[in-house]
Amino acid sequence: MSNAIATAPRFETAVRVRKLGKRFGSKTAVEDLSLDIAPGAAFGFIGPNGAGKTTTFSMLAGYLRPTAGTIEVLGFAPHAVNTLRSRVGVLPQDALLPASDTVGEFLVHMARLQDLPKNEALAGAHDALAEVGGQAWWKQRCGSLSHGMAKRVALAQAFLGKPQLLLLDEPTAGLDPRVAYELRQIIKYRKGRTTIVISSHNLHELEELCDAAAILDRGRLVACGSMSELTAANEEIRVLVAPGTRRGAEPGRVPVQALRELPSVKSAELDDERLEIVVYFERAQVDAETVIGHVLRTLLDNQVRISGVTKGRGLERRVMEVRA
Amino acid sequence: MSPITEVALVTGREVRRSFRSTKGVLLAVLSVAAGAGFSMLFAWLDRVKRENLPPGTDWRAAQEQFFAQWYAPETGRALASCPYSLWMMLIATLWLAPWLVALMAFDAVSGEMQHRTVCFWTIRVRRPSYMIGKALGAWSAVVAVTLGMNLVVWAVTIALGPWPAANVIGWGARFFAVTLPISAAWCGIATLVGSQFKTPILSLLFICTAFFCLWLLRVTAGFAQAHWLAYAYPNTFDALLLSPNLADAARGLLSTGLIALATATAAALAFQRKDV
């Protein structure tokens, strides 16, 4: 897919990336990446291992220097620390907290480095820790925290100073489902007020949290757009039918021809192996919810037993389909 | 935020970290204990030497002759009235300085690079400020340990006599001041070398190798009659720093200061472009 198609429309941006590249010796980790992230958006970086997500993320955070291209974060280069220190919060992947510091000392020190006076830094640190539910850990040494607690403290330091942009690299990696769920709620709470960029393997999490995303594969951008564009949620619906259901016009069977004749439906197919009906429709003429209503009515009139309904093909399937 | 404020915050944290770690506490305790032990030994040796001097010997002249073997004649004359144990403590401190610096500072940067803890700092601190703060933090920690050692030595020397307290503290403070720029130079070198590696053990290995190479240059200088080469080893500047000639002392101070500044600056510039 050409990058001209993959690049989002230009407007005022929180993050602007143009022809970004990064090489480690002879290995190309990222090549010719261009994209824009709108202010206030929740944007995801998706891709398999080695796709270049963390490398791209690290260049946005200023950890790595690009070998080609440019990056603008809130209008500045990522290494403009003095300007960005209180505007950007970063949760780096796999970075250990300083073991000998207590949680409170660490957060206050981070707040002081954001040029906050001592009493404001103390108050800010308490607030950030409370936001992640960690008030009880103030005097605990960072080295003694569990993985989940450490992740929350690391998230708290990213929240210090009410940043305009949050860069979160694998925020829920390695966490148990309950803690991961709580962290997602904390991140969701900031949606709309802060630009959030998340790099993650967890596609369901990205689908839940993000408005838009970029799919990377082998260092190249292969797709970029809003979540509904990427998952074709406004172009197709999928209906799962009960095991044993066959195609046909008789009661209890899937009337594929009748589905094709529904208004605004472009095509309808039944995957006999997956027992999944895929209905493509004209998105300019009708929305997914209306099509769902028509399709279900037709199926129920024909006494078809239905297991589930989804809009689009799901991010997971989309990622599997996409290759550089 | 000004770079000076950044450096101050990083330095303060580094000193706290140094004395909170088991390694830091152990080094401090061992250094102070060693200082106490050595000072008692030197004070006893000093007393034995005095008691065994031939009758009628001018102690001051004997001291002057002794120091003339180590330093320029005018420095030897100036040191003639100093307590022998304090001078021995200065020599021991200078000998210990590179070891102490290597052990205190080897993991200051590499420890944070290894576990990516440095990622939390580089988004909030200018990279040069981080590196300068690390170098200053290491120096502050070494100075604190050295001061602790010296205070014990002064107390023991005063207690065991025969030197008056004012004499001990005066000379002690002067000798302590001589160690400051020299340990700063060692800290600069250790920070420059150690910060090139992401693994603390490699940092320690290469710091020790660098220090050893500098010592070899000093030894080579003696054999090759190339005395200028000896100044690659920071401890060599003690002769200039101890000189009663202000110009020599200033030259010693400037040179060691330049070594410290140049190495710390080189470390900062290298870190500026480094991928973390």
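Note on naming: letters A, B, ... go to the chains in the order of the sequence lines (proteins, then strands), and numbering restarts at 1 for each one. Hydrogens, waters and symmetry mates are skipped; everything else that's a heavy atom, side chains included, is used.
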Where Lys22(A) and Asp275(B) come nearest, the two heavy atoms and their spacing = NZ-OD2, 2.9 Å
Identify which part of Arg126(B) has an atom lying under 4.5 Å from any heavy atom of chain A, answering side chain, backbone, both or neither.
-> both
Could you check Tyr63(A) against Val118(B) for side-chain contact (heavy atoms from CB on, under 4.5 Å), going step by step and ending with a plain yes or no?
-> CA-CA 9 Å; Tyr63(A) 299 147; Val118(B) 70; over 6 Å; no
Leu96(A) and Arg116(B): side-chain contact (heavy atoms from CB on, under 4.5 Å), yes or no, with the steps?
-> CA-CA 6 Å; Leu96(A) 292 189; Arg116(B) 302 197 76 217; over 6 Å; no
Can you say whether Thr117(B) sits under 4.5 Å from chain A via the side chain, the backbone, both, or neither, judging by heavy atoms?
-> both
Over 12 non-hydrogen atoms of neighbours within 6.0 angstrom of NZ in Lys23(B) | yes
Nearest-0.5 Å distance, CZ of residue Arg20(B) to CD of residue Glu105(A) = 4.0 Å
OG1 on Thr5(B) to CZ on Arg112(A), rounded to 0.5 Å | 9.0 Å
So does Leu147(B) have more than 12 non-hydrogen atoms from other groups sitting under 6.0 Å from CG?
-> yes
Counting only heavy atoms not in Arg273(B), do more than 12 sit closer than 6.0 Å to its CZ atom?
-> no
Taking everything shown except Phe19(B) itself, do over 12 heavy atoms lie less than 6.0 Å from its CZ?
-> yes
Given Leu9(B) and Leu113(A), is the side-chain contact (heavy atoms from CB on, under 4.5 Å) satisfied, shown in steps?
-> CA-CA 7 Å; Leu9(B) 284 170; Leu113(A) 287 175; 3.7 Å; yes
Taken in chain and number order and not counting sequence neighbours, the residues that satisfy side-chain contact (heavy atoms from CB on, under 4.5 Å) with Ala210(B) are Val193(B)
In Å and rounded to the nearest 0.5 Å, what is the CE to CZ distance from Met110(A) to Arg13(B)?
-> 9.0 Å
Within residues 114-132 of chain A, which positions have a heavy-atom distance to chain B below 4.5 Å?
-> Gln114(A), Asp115(A)
What part of Gln272(B) gets closer than 4.5 Å to chain A, counting heavy atoms only: side chain, backbone, both or neither?
-> both
Is the CZ atom of Phe24(A) crowded by more than 12 outside heavy atoms at less than 6.0 Å?
-> yes
Segment of Arg87(A) engaging chain B (4.5 angstrom heavy-atom cut-off) = neither
Pairing of Arg16(B) and Asp101(A) as salt bridge, 4.0 angstrom limit | no
Yes or no on side-chain contact (heavy atoms from CB on, under 4.5 Å) for His109(A) and Trp121(B), after CA distance, side-chain angles and deciding distance?
-> CA-CA 10 Å; His109(A) 183 66; Trp121(B) 313 128; 3.4 Å; yes
Arg127(B) versus chain A, the contacting section by heavy-atom distance below 4.5 Å = side chain
Let me know if Ser86(A) has heavy atoms under 4.5 Å from chain B in its side chain, its backbone, both or neither.
-> neither
